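Keep in mind that what you see is a predicted model, and the values were worked out from it rather than measured. Here is the naming used below: chain letters follow the sequence lines, and residue numbers restart at 1 for every chain.
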2 protein chains.
Amino acid sequence: MTRKQLPQPDRAEIRVEAVLQALGEPVRLQIVRALADTPEGIACGEIELPVTPSTRAHHLRTLREAGVLTTHTEGTRRISSLRREDLDALYPGLLTGVLSADQ
Amino acid sequence: MTRKQLPQPDRAEIRVEAVLQALGEPVRLQIVRALADTPEGIACGEIELPVTPSTRAHHLRTLREAGVLTTHTEGTRRISSLRREDLDALYPGLLTGVLSADQ
DNA sequence: CGAATAGTTCGATGAAGATCGTACTACGAA
DNA sequence: TTCGTAGTACGATCTTCATCGAACTATTCG
């Protein structure tokens with residue numbers, strides 16, 4: 001079982017504009033909410049989304065490049081999880097606040 | 001001196017996607033940072049911004065319609081201030097987190 | 001190996017939105 | 001009432017980006 005970390009920005013490279021812009025898109029926010037429910041990470045394809053696989057890949061890349069989530073391969077699957085520790089360190093309260101929004 | 005509140009969404013009407021999208025634009029984030037420094041509100045024109053007045057008006061409208069700030073007239077001037085109380089109630093920690101980002 | 005599975009990349013398209021200049025409105029001062 | 005100031009509204013333009021289908025990569029399984 002191959003296991004590899006996909007490229008992502010270091011904590012110091014994360015920019016708040018990119019994070020906010022990434023979170024400000026409905027589909028991506030839906031992804032983030034799904035990840036928040038499963039701290040151990042989840043395979044991209046298992047999140048139910050109203051878009052095609054290619055669009056899904058685009059959004060996951062955007063979130064990863066913004067520093068919101070981290071992804072590693074596990075065989076043919078890609079497991080993503082929130083970079084909660086980094087985000088909480090950089091912007092304490094932000095993630096909690098976003099996720100506290102009812103629906 | 002005329003004084004009038006400009007139309008804005010009720011607290012219950014504020015949507016987190018709109019807030020995040022509004023905050024995820026560099027010029028608008030600059031506006032929000034400026035407002036955070038002056039709780040008593042500030043005239044739009046006094047915020048130094050790298051855009052023309054019409055673009056500035058566009059961004060202020062976007063922020064107002066998203067529920068991020070409130071604006072009232074004071075003579076010919078329009079004073080804006082953050083809707084900190086509403087945002088903190090809806091998304092506790094969000095604003096603090098965003099503003100804690102260094103630059 | 002070959003087939004199946006999970007997911008990406010690329011190019012095209014259409015929609016959203018950031019920007020500007022110009023024309024306009026509202027208010028206060030003279 | 002006329003002028004100046006503060007700011008908005010509108011229309012045009014240009015850029016960004018969400019979306020898709022099709023082709024591709026990588027990995028596991030038989």
*Within a radius of less than 6.0 Å around CZ of A:R15, do more than 12 heavy atoms belonging to other residues, nucleotides or ligands occur?*
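No - once you tally the heavy atoms of other residues, nucleotides and ligands closer than 6.0 Å, there are 12 at most.
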
*asked:* Would the distance check show the side chain of B:E13 and the main-chain N or O of B:D10 forming a donor-acceptor pair, the cut-off being under 3.5 Å?
replied: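 Judged by distance alone, yes, a pair lies under 3.5 Å.
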
*Is there any side chain to side chain donor-acceptor pair (under 3.5 Å) pair reaching into residues 41-53 of chain B, and which pairs are they, with sequence neighbours excluded?*
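Only B:E46-B:R77, B:T52-B:S54, B:T52-B:T55 qualify under side chain to side chain donor-acceptor pair (under 3.5 Å).
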
How many whole angstroms separate atom [atom1] of [X] from atom [atom2] of [N]?
{"X": "A:E74", "N": "C:dT5", "atom1": "CD", "atom2": "C1'", "result": "15 Å"}
{"X": "B:Q5", "N": "C:dA26", "atom1": "CD", "atom2": "P", "result": "19 Å"}
{"X": "B:H72", "N": "C:dC27", "atom1": "NE2", "atom2": "C1'", "result": "15 Å"}
{"X": "B:E65", "N": "C:dA18", "atom1": "CD", "atom2": "C1'", "result": "15 Å"}
{"X": "A:R3", "N": "C:dA6", "atom1": "CZ", "atom2": "P", "result": "18 Å"}

*Option among A:Q5, A:R64, A:R84 that satisfies the side-chain hydrogen bond (donor to acceptor under 3.5 Å, both in side chains) test with A:T70*: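 Among A:Q5, A:R64, A:R84, the one that satisfies the side-chain hydrogen bond (donor to acceptor under 3.5 Å, both in side chains) with A:T70 is A:Q5.
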
*Decide whether B:H72 and B:R78 meet the rule of one side-chain donor and one side-chain acceptor closer than 3.5 Å.*
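Result is no, nothing qualifies.
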
*So do B:L20 and B:L94 actually touch side chain to side chain, heavy atoms under 4.5 Å?*
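Counting from C-beta outward, B:L94 and B:L20 do come under 4.5 Å.
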
*asked:* Can you build the contact string for nucleotides 7-23 of chain D? Use B for base contact, S for sugar-phosphate-only contact, and - for no protein heavy atom under 4.0 Å.
replied: SBB-------SSBBBB-

